[in-house]
Every structure is written in C-alpha cells, then in structure tokens.
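Working notes, structure below.
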Amino acid sequence: FAKAGLIGAAGLNGKSWPDLDMLPLGVITSPGSGRLPYKNSSLSHDEQRTQMTLWAILKSPLMFGGDATQLDNFTLSLLGNEAVLEMN
C-alpha cells in the first residue's frame, strides 16, 4: 500500500488499517448507546462491498457493527448475500 501511495486511517500516522473484528456497515453508533454521532458508515458502497468480500474470503468472523434495527436495502443485501456467506 505504501508503494502505491495508499495510506491507512489518520490515526497512527496513516499506518492504521481495519482489523478483522467488525463490519461497520450501514447505520453505526445506535442513539440508545449514549455514544454519538449517529450516522451512516463513512465507507462508500463500493468500500463496504469490498470489506464484506475480503472478510468473507479471509474466513473472518462476520460480526455486524451497525444498527440492525435500521438496515437499508443495500446493507441488507451485503449481510444476506448467500454466495458470500457460503464462501465464509
């Protein structure tokens, strides 16, 4: 990634990458949790699709980190994609 000029998150001087512990898809940070902001994932649809696919290929536990009470059609299609789930 460094050679291609791609950097990670701003935290750790651009050397921070998501670990395989949670899928922050759809609406994240539930208002009932007392933690704000209550917002949609910062990832684009393409980035969310890529993350879901990579996590499945790597046989990572697919732990959904969004608000399951507010699933939109796109997020539901990611989480319910039978081919991806079977690959995982």
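For the numbers below, each heavy atom of this structure counts, side chains included, while hydrogens, waters and symmetry mates do not.
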Requested in this report: Identify the two heavy atoms, one from Ser41 and one from Pro24, that lie closest to each other, and give their separation to 0.1 Å.
Outcome: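 Smallest interatomic distance, heavy atoms only, reads OG-O, 2.9 Å.
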
Report task. Check Met22 against Gln51 and note the closest heavy-atom contact, atom names and distance. Result ->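 In terms of heavy atoms, the two residues are closest at O-NE2, 3.8 Å.
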
Query raised in the report: Do Phe74 and Leu43 sit in the same hydrophobic cluster, where Ile, Leu, Val, Met, Phe, Trp and Tyr count as joined when their side-chain heavy atoms come under 4.5 Å apart?
Result: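 No: no chain of side-chain contacts under 4.5 Å links Phe74 to Leu43.
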
Query raised in the report: Leu58 and Met52: same hydrophobic cluster, using ILVMFWY side-chain contacts below 4.5 Å?
Result: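 Looking at the clustering, Met52 is in the same group as Leu58.
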
Under 3.5 Å donor-acceptor pairs involving side-chain atoms of residues 81-88, not counting sequence neighbours:
from	atom 1	to	atom 2	distance (Å)
Asn81	OD1	Ala83	N	3.1
Asn81	OD1	Val84	N	3.1
Asn88	ND2	Ala56	O	3.4
Asn88	ND2	Ser60	O	3.0

**Report entry** Heavy-atom side-chain proximity of Asp67 to Ile28 below 4.5 angstrom
**Finding:**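 No. Closest side-chain heavy atoms not under 4.5 Å.
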
**Report entry** With Phe64 via ring pair (Phe, Tyr, Trp, His ring centres under 6.0 Å) - residues at least two apart
**Finding:**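 Ring pair (Phe, Tyr, Trp, His ring centres under 6.0 Å) check on Phe64 returns nothing, list empty.
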
**Report entry** Criterion side chain to side chain contact (heavy atoms under 4.5 Å, CB included) on Leu78 and Gln48, from CA distance to verdict
**Finding:** CA-CA 8 Å; Leu78 286 177; Gln48 290 180 63; 3.8 Å; yes

Query raised in the report: Would you find a donor on one side and an acceptor on the other, under 3.5 Å apart, between the side chain of Thr75 and the backbone of Leu71?
Result: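 Here the side-chain-to-backbone pair does not exist.
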
Requested in this report: Start with the C-alpha gap between Leu23 and Leu62, add the side-chain angles, then the distance that decides, and say whether side chain to side chain contact (heavy atoms under 4.5 Å, CB included) holds.
Outcome: CA-CA 7 Å; Leu23 292 161; Leu62 300 177; 4.0 Å; yes

